[in-house]
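Data block below; observations after.
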Amino acid sequence: MGVVLLWSLVVLLRWISWKRRGAISYDSSDQTALYIRMLGDVRVRSCISLEPERRGSHPYLCVDFRILHSRHDPAAPASAYSVRRLLSFQRYLHSSRRLRCGSAPPHILDDDYVGQAKCMLQRTGSWNFDIFLFDRLTNGNSLVTLTFHLFHHYGLIELFQLDMVKLRRFLVMVQEDYHSQNPYHNALHAADVTQAMYCYLQEPKLSTSLSACDILLGLLAAATHDLDHPGVNQPFLIKTNHHLAALYKNTSVLENHHWRSAVGLLRESGLFSHLPAEDGLNMEKQLGSLILATDISRQNEYLTKFREHLEKDDLCMANSSHRHFVLQMALKCADICNPCRPWELSKQWSEKVTEEFFHQGEIEKRHSLEVSPLCDSQTNTVGSIQTGFMTYVVEPLFAEWARFSDTRLSRTMLGYLALNKAGWSGALQELGGGLDEGTEASAEEPDSTALPQGSQRS
Ligand SMILES: *[C@@H]1O[C@H](CO)[C@@H](O)[C@H](O)[C@H]1NC(C)=O
Ligand SMILES: *[C@@H]1O[C@H](CO)[C@@H](O)[C@H](O)[C@H]1NC(C)=O
Ligand SMILES: [Zn+2]
C-alpha cells in the first residue's frame, strides 16, 4: 500500500481539523482537495487510464528494472542519481534467483520447529495468530509456508490443477522479491496480510458465497500486493525521477509495480500456463484490480462506494462484480489491519513502519530533499503517527467493514483498535469517553516506553 501517502493524508486531516477546531468531516470534496494537495503537482488520478486493455504493454518489469538501474542517466541531477543507486535493489546483485532453478527446498528446518510451525498452521484462522513467531519457526519462510498451506486447505491445487512444483517455485520467487531489508514492507507483512485475508474469507458473508476463483485471487493478491516494494513511498519516487514514476505516470506507481511484478512471476513460473489464455489474462486483470485497491490515496473512493452499497443494502454476493468489490474491501482491511491486532503484535508493526518512514526521512535529509510528512524522526513519534493513522484511516474503514460483516471478529478488531489507540494516546483511563476528539491528545507525544502494556490486555 502507499502507506506513507496515507500518513500524509493523516497529517493534513489533522491540520484541517485543528484549523476548524471542530469535528472531523469526511466530506468528500474536502478529501478530494486534500488528495490534490498531498499529491502536489502530481497528475490527478482521473486523467490516468490504466485499464486492462493496456495490460501486457509493459515488458516484464523485473528485468527492465535491473537494467535501468544499472545505467547512469546523465540528465538526472547528481543527488537524484545517487538516491536511485541507493534504491537500486542491490539484492539483485546477490540475487538468489539462480537458486530457484536448483532443487534445494526453500526451507530446511529443524524438526522441532517444523512440528511447532505445523501446529501453528492449525490456528491460521485465529485473529491472534503470531506471524512473527511463525516466521521464526519457519526460518523466515512464513509467506511461502502459509500461502501454500492455504492453497492446500482450500483444495485450490486440485481445483485448478496446479502443478505443486510450479506453485512452490512461484511462492518462493514472490517471497524473495520482497526486500528483506525493508523494516516494514517485506515478506512478513505480505504473510500477515495473507493471514488476515484468510480470516476475512472465513467470515460468513464471504465463505458462503465466494467462488474458488475468488478465493484463489484473494489469496494471491494478498501475498503479492506489495511485491518488490522499495521501502519508500510514491512521492519519493516522483521527486527523485524514478523511472517507475514515469512508467506509471505518477499514479498508483507502487501498486502498479506490485501488480506487474506479480504478473511477471506468474508468467515466469508458468503457474497458470495450463489454463486457457483468456482465463489466465482474466486472472491477471482481476489480480491487478485487487492490488490497485490497496492504494491508500484512493481509500475515500472505495469507502464512499462501500457506504453507498451499505446504505442501499444492495450488495448481492451472487453477483460476481459485487463479490469482487467485497474482496477489494477485504484486502484493503487486511492491508491496514495492524492497529486492529492485539497490542503485542500491533506495537511491533507500528515500530517497523515508523522505522521505514524515518529511514526515508534520513535519505531525504542526506540528499537535501524535502523531508516527507511523518518521515522526520525529530518531529514525529511512533505514537503520534499511529494515533492519527487509526483515527483518520483505520477507524472509518473498519467501521464500515463491521457494518457489512457484523461478526465477532469485526467486534474484536474494533475492540483492539480502541485499546491500541488508547495505549498510544496515553489515554487508557479515558477509554469510553471523549477519545473521538483525540486529535489534540495525539500531539502530546506519548511516551511509548510508559505504555500501560499490562492493562492493555485485561
Ligand atoms: C510526474 O511528476 C513530476 C514531478 O511533479 C513531473 O515533472 C512529471 O512531468 C510527472 N509525470 C507525468 C507523466 O505526469
Ligand atoms: C452485478 O452488479 C453490477 C454492478 O452493480 C451490475 O451492473 C450487473 O448488472 C449485475 N449483474 C447481475 C447478473 O445482476
Ligand atoms: Zn501492504
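Quick caveat: nothing in here was measured; it's all calculated off a predicted structure. First listed ligand is number 1; within each ligand, the first listed atom is number 1.
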Check ion pair Glu301-Arg298 (N to O, under 4.0 angstrom):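 A salt bridge is present here (some side-chain N lies under 4.0 Å from a carboxylate O).
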Sidechain N-carboxylate O distance under 4.0 Å for Arg307, Glu311: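 No, this pair does not count.
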Starting from the N and O atoms of ligand 2, collect every protein N/O partner closer than 3.5 Å and put each pair on its own line with the distance to 0.1 Å.
from, atom 1, to, atom 2, distance (Å)
ligand 2, 2 (O), Asn319, OD1, 3.4
ligand 2, 2 (O), Asn319, ND2, 2.3
ligand 2, 2 (O), Ser321, OG, 3.3
ligand 2, 2 (O), His322, NE2, 3.3
ligand 2, 5 (O), His322, NE2, 2.9
ligand 2, 11 (N), Asn319, ND2, 2.8
ligand 2, 14 (O), Asn319, ND2, 3.4

Is there any N or O on Asn250 that sits under 3.5 Å from an N or O of ligand 1?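 So ligand 1 has an N or O lying under 3.5 Å from an N or O of Asn250.
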Does Thr147 use its side chain to pair, donor to acceptor, with the backbone of Val144 at less than 3.5 Å?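 No.
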Quick one: does any side-chain atom of Glu203 pair with a main-chain N or O of Ser405 as donor and acceptor, under 3.5 Å?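 No; zero donor-acceptor contacts below 3.5 Å.
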Show which atoms of ligand 1 fall inside a sub-4.0 Å distance from at least one heavy-atom site of Ile238.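 Listed by number with element: 2 (O), 3 (C), 4 (C).
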Step through it carefully: locate the ring centre of Phe325, locate the ring centre of His309, and say whether they are under 6.0 Å apart.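 Yes, the ring of Phe325 comes within the 6.0 Å limit of the ring of His309, centre to centre.
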So, applying side-chain contact (heavy atoms from CB on, under 4.5 Å) with Val353, which one of Gln386, Gln348, His189 is it?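 Option passing the side-chain contact (heavy atoms from CB on, under 4.5 Å) with Val353: Gln386.
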If I consider every N, O or S atom in Asp335, which one ends up closest to the Zn ion (ligand 3)? I only need its name.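 Output for this pair reads OD1.
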Which atom, counting only N, O or S, brings Asp226 closest to the Zn ion (ligand 3)?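 Output for this pair reads OD2.
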Taking the six-membered ring of Tyr416, is the NZ or CZ of Arg341 close enough (under 6.0 Å from the centre) and on axis enough (within 45°)?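 Verdict for Tyr416: no cation-pi partner in Arg341.
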Donor-acceptor pair between Thr387 and Ser384 side chains, under 3.5 angstrom: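 Thr387 vs Ser384: no donor-acceptor pair found between side chains.
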NE2 (His189) to the Zn ion (ligand 3) to NE2 (His225) angle, given to the nearest 10 degrees: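 Answer comes to 90°, rounded to 10°.
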